[in-house]
Engineer: 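Below is one structure. I have some questions about it.
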Amino acid sequence: MLLPQAKEVKLNGSGVSSNNNNKMALGKSIKMYLTIFVATTCVYMVLYQYHMSRQPLATNEVIKHTDKSSSSPLSSSFIASYLWSPAASVNTSAMGQGQGEGQRQRQRQGPIQLHAPNATDIAASTSASMAASAMSFLSTVSLPLTLSSSSSSSSSSDAKSIITRTTTTRTAPAVTSTTTTAATTTTTSTTRTTTTITRTTQKRLVTSGHAQNAMGTADGGVAHKTRSTFIAVSEPPPLYIITPTYRRPEQLAELTRLGYTLKHVLNLLWLVIEDANRTNPLVAHTLDRIGVPYEYLVAPMPEQYKLTKRAKPRGVSNRNRGLDYLRANATEGVLYFADDDNTYDINIFEQMRYTKKVSMWPVGLVTKTGVSSPIIREGKLEGYYDGWIGGRKYPVDMAGFAVSVKFLHERPQAKMPFKPGYEEDGFLRSLAPLDNAEIELLADECREILTWHTQTKKNSPALPLNMTRYGHTNLAFIEKLLVRP
Ligand code: UDP
Ligand code: MN
């Protein structure tokens with residue numbers, strides 16, 4: 001770089017001393033070297049910043065559970081550790097994928113990237129304990145174009161089921177990968193979310209909403225830090241949400257809406273049970289993407305009810321399957337039947353969590369009365385208000401009661417009858433003996449409506465895609481995401 005300038009100086013040197021020219025050339029060169037030096041430094045700094053951004057945060061308060069299969073997935077500590085907190089949405093695929101995920105994505109030629117939403121709003125609206133957890137959750141799920149060809153991360157089979165395990169990694173704050181294993185199954189299948197959880201110790205020490213570990217080292221290694229406030233967060237009883245679902249165009253939309261409601265709730269296992277002979281990879285994919293701990297089971301309606309021209313017992317085999325699951329796997333907590341099409345205020349989940357035997361509350365949008373509710377006079381359950389009583393002892397809606405798991409264990413015969421219109425009544429009767437005084441009245445002693453029996457407009461099945469015209473466009477991908485009967 002110096003040479004051409006020196007030449008130039010010589011050529012233009014008429015009337016000026018060569019000494020001066022040399023000085024000017026030297027000055028210019030120094031300037032140029034300085035510029036190059038500064039530019040190079042900048043480039044290095046940018047590269048270093050990028051490198052640092054890819055390093056995991058200090059893990060002094062992190063316990064990673066890579067595999068929960070050794071302990072019961074239903075242990076309360078496992079579910080209680082399922083805590084949510086704000087996180088900036090990061091395109092994790094751009095951050096690099098772990099253990100072959102990137103490779104799988106490349107093989108798929110244009111995977112569909114779906115991201116967990118920025119959870120800031122979630123945490124802002126949830127309880128202080130959730131905000132205190134100060135952990136991040138991000139997930140990226142890629143759905144293979146050919147859903148059936150994806151390999152599972154791990155699978156094992158019992159008598160009748162294939163278990164497809166999905167691994168969701170939660171770290172603070174960024175790199176996360178979710179492996180979607182949308183395996184096509186031929187028999188009863190279960191998909192389980194196994195979470196790798198970033199968590200502080202069971203009791204979190206919090207200073208004005210900012211989480212630290214017990215030694216306060218989150219803020220630069222200060223061992224004895226004075227805290228103005230102290231909030232010890234313990235694990236609340238687990239909630240088991242039994243959701244019947246069935247194949248139809250609205251299915252994924254319903255599950256998505258409900259799933260993100262449930263995502264606001266701590267220590268919850270979502271039992272999604274489909275009225276079908278086999279699981280649907282699209283449903284598994286949707287559940288993976290939402291990121292709520294779940295079990296995906298199937299329980300088809302018996303043929304005799306399917307064929308009837310009269311009203312069908314919708315969701316009954318599914319709910320009974322859920323009860324069987326809880327009898328086999330749960331010991332404490334509370335169960336709740338949450339149909340996939342209803343609307344739930346998350347406050348009701350925190351209230352039902354402490355149910356001793358049975359709790360009840362109003363449900364909006366039921367029959368011509370617009371609401372179905374226990375009638376309370378002077379704090380006592382006096383009867384039920386519902387547009388259709390039909391000789392029922394418990395004329396309540398499915399969304400209007402919860403039952404404790406311990407109480408369910410004390411009533412080994414309790415189940416839901418295949419009797420349209422009498423499902424709730426039959427199940428609650430099967431919990432006898434149950435005194436009216438033992439029924440807990442939630443939602444401000446049934447003066448509030450926190451659940452609604454919403455119904456979704458039925459949509460006709462999607463028309464088949466013209467592959468000649470659109471076969472090489474994005475529509476070929478979207479086509480595979482549509483649930484057809
Ligand atoms: N359901 C089912 N199989 C069916 C119809 C419905 O599993 O054939 C499920 C559905 O997904 C919902 C519950 O059972 O979670 C109640 O069904 P629906 O909402 O159609 O009944 P409604 O609320 O109108 O009584
Ligand atoms: Mn419904």
Side-chain angles (χ1 to χ4, degrees), residues 188-189 240-262 270-280 282-284 286-287 290 292 294-325 335-344 362-372 386-390 392 394-402 415-428 449 451-461 483-485:
T188 308
S189 297
Y240 298 96
I241 308 300
I242 299 173
T243 297
T245 189
Y246 72 111
R247 192 180 183 94
R248 63 202 193 277
E250 307 81 39
Q251 187 181 23
L252 302 183
E254 309 271 38
L255 290 172
T256 298
R257 187 175 46 199
L258 173 55
Y260 282 109
T261 294
L262 299 180
W270 191 16
L271 301 170
V272 179
I273 310 176
E274 183 154 347
D275 178 355
N277 293 313
R278 63 183 61 186
T279 55
N280 178 353
L282 288 174
V283 170
T286 301
L287 300 178
I290 295 166
V292 169
Y294 71 88
E295 292 279 347
Y296 178 27
L297 309 163
V298 294
M301 183 187 290
E303 287 300 319
Q304 71 212 73
Y305 303 116
K306 273 188 200 164
L307 300 172
T308 183
K309 291 227 164 67
R310 298 214 294 253
K312 295 181 172 72
R314 292 186 293 249
V316 173
S317 57
N318 328 31
R319 295 189 197 98
N320 281 329
R321 177 71 186 87
L323 294 177
D324 290 346
Y325 180 93
L335 77 93
Y336 177 57
F337 298 117
D339 288 356
D340 58 1
D341 55 339
N342 291 339
T343 306
Y344 307 92
V363 181
L365 301 174
V366 175
T367 71
K368 57 183 183 289
T369 52
V371 66
S372 169
D386 192 295
W388 176 69
I389 300 297
R392 294 183 292 173
Y394 300 107
V396 299
D397 188 80
M398 198 64 75
F401 64 91
K415 63 172 191 289
M416 194 165 285
F418 286 89
K419 197 174 168 190
Y422 292 83
E423 293 94 339
E424 299 90 342
D425 187 48
F427 173 66
L428 288 167
I449 299 177
T451 53
W452 292 264
H453 179 252
T454 38
Q455 289 172 300
T456 307
K457 178 182 91 66
K458 294 260 175 288
N459 294 269
S460 43
V483 177
R484 295 191 164 90

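Order of listing sets the numbers, starting from 1, for every ligand and every atom in it. Note: hydrogens, waters and symmetry copies are ignored here, and every other heavy atom, side chains too, is used. We count residues from 1, following the sequence as given.
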Engineer: Decide yes or no for W452 and D397: does some side-chain heavy atom of the first lie under 4.5 Å from some side-chain heavy atom of the second?
Structural biologist: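 SC-SC contact between W452 and D397 ruled out.
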Engineer: Name the closest protein heavy atom to atom 1 (N) of ligand 1, giving the residue it belongs to and the distance to 0.1 Å.
Structural biologist: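 Answer for atom 1 (N) of ligand 1: Y246 CD2, 3.3 Å.
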Engineer: So which heavy atom in the protein is nearest atom 23 (O) of ligand 1, and how far is it from that ligand atom?
Structural biologist: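 The closest heavy atom on the protein side is H453 NE2, 2.8 Å.
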Engineer: Once you measure the plane-to-plane angle for F418 and Y305, does it fall in the parallel (<30°), tilted (30-60°) or perpendicular (>60°) bin?
Structural biologist: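 Answer is parallel, since the angle falls under 30°.
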Engineer: Assess whether atom NZ of K312 is packed by more than 12 heavy atoms of other residues, nucleotides or ligands within 6.0 Å.
Structural biologist: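 Yes - once you tally the heavy atoms of other residues, nucleotides and ligands closer than 6.0 Å, there are more than 12.
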Engineer: Using a 3.5 Å distance criterion without hydrogens, assess whether the side chain of S317 forms a donor-acceptor pair with backbone atoms of P300.
Structural biologist: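 Yes; judged by distance alone, with no hydrogens or angles, the pair exists.
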Engineer: Which of these, N342, D340, T454, has its nearest heavy atom closest to atom 12 (C) of ligand 1?
Structural biologist: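 It is D340 whose heavy atom sits nearest to atom 12 (C) of ligand 1.
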Engineer: Can you tell me how far the CG atom of N342 sits from the NE2 atom of H453, to the nearest 0.5 Å?
Structural biologist: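 It is 5.5 Å, given to the nearest 0.5 Å.
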Engineer: Is it true that R319 lies under 4.0 Å from ligand 1, counting heavy atoms only?
Structural biologist: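 Per 4.0 Å heavy-atom rule, R319 contacts ligand 1.
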Engineer: Can you report which non-hydrogen protein atom sits closest to atom 21 (O) of ligand 1, along with the distance?
Structural biologist: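 Going by distance alone, atom 21 (O) of ligand 1 is nearest to R314 NE, 3.0 Å.
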Engineer: On a heavy-atom basis, I'd like to know which of D275, N318, D397, I273 is closest to atom 4 (C) of ligand 1.
Structural biologist: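 Of the listed residues, D275 has the closest heavy atom.
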Engineer: May I ask you to list the atoms of ligand 1 that are less than 4.0 angstrom from any heavy atom of D339?
Structural biologist: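 In order of number, 12 (C), 13 (C), 15 (O), 16 (C).
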Engineer: Given the side-chain rings of F427 and F337, with only the six-membered ring counted for Trp, is the space between their centroids under 6.0 Å?
Structural biologist: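 Yes, they do, as the ring centres are separated by less than 6.0 Å.
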Engineer: Are side-chain heavy atoms of R314 and E423 found at a separation under 4.5 Å?
Structural biologist: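 They are not in side-chain contact.
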Engineer: Can you give each donor-acceptor pair under 3.5 Å made by side-chain atoms of residues 242-251, sequence neighbours left out, with the distance rounded to 0.1 Å?
Structural biologist:
unit_1, atom_1, unit_2, atom_2, d
T243, OG1, W270, NE1, 2.9
T243, OG1, A338, O, 2.8
T245, OG1, Q251, NE2, 3.2
T245, OG1, D340, OD2, 2.8
R247, NE, R484, O, 2.6
R247, NH2, R484, O, 3.4
R248, NH1, Y246, O, 2.8
R248, NH1, D340, OD2, 3.2
R248, NH2, D340, OD1, 3.0
R248, NH2, D340, OD2, 3.0
E250, OE2, N459, N, 2.7
E250, OE2, N459, ND2, 3.1
Q251, NE2, Y246, O, 3.3
Q251, NE2, E274, OE1, 3.2

Engineer: Within less than 4.0 angstrom of ligand 1, does E274 place any heavy atom?
Structural biologist: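 No, E274 has no heavy atoms under 4.0 Å from ligand 1.
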Engineer: Any idea which N/O/S atom from D341 gets closest to the Mn ion (ligand 2)?
Structural biologist: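 Within D341, restricted to N, O or S, the Mn ion (ligand 2) is closest to atom OD2.
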Engineer: At less than 4.0 angstrom from any non-hydrogen atom of Q455, what atoms of ligand 1 do you find?
Structural biologist: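 In order of number, 24 (O).
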Engineer: Answer with side chain, backbone, both or neither: which part of D341 has a heavy atom less than 4.0 angstrom from an atom of ligand 1?
Structural biologist: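 D341 to ligand 1: side-chain contact only, backbone stays beyond 4.0 Å.
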Engineer: Does even one non-hydrogen atom of K312 get within less than 4.0 Å of ligand 1?
Structural biologist: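 No heavy atom of K312 comes that close to ligand 1.
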Engineer: How long is the straight-line distance from CG of D386 back to CZ of R392, given to the nearest 0.5 Å?
Structural biologist: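 With rounding to 0.5 Å, CZ (R392) is 5.0 Å from CG (D386).
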Engineer: Is it the case that ligand 1 has an N or O less than 3.5 angstrom from some N or O of P244?
Structural biologist: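 It does: an N or O of P244 is found under 3.5 Å from an N or O of ligand 1.
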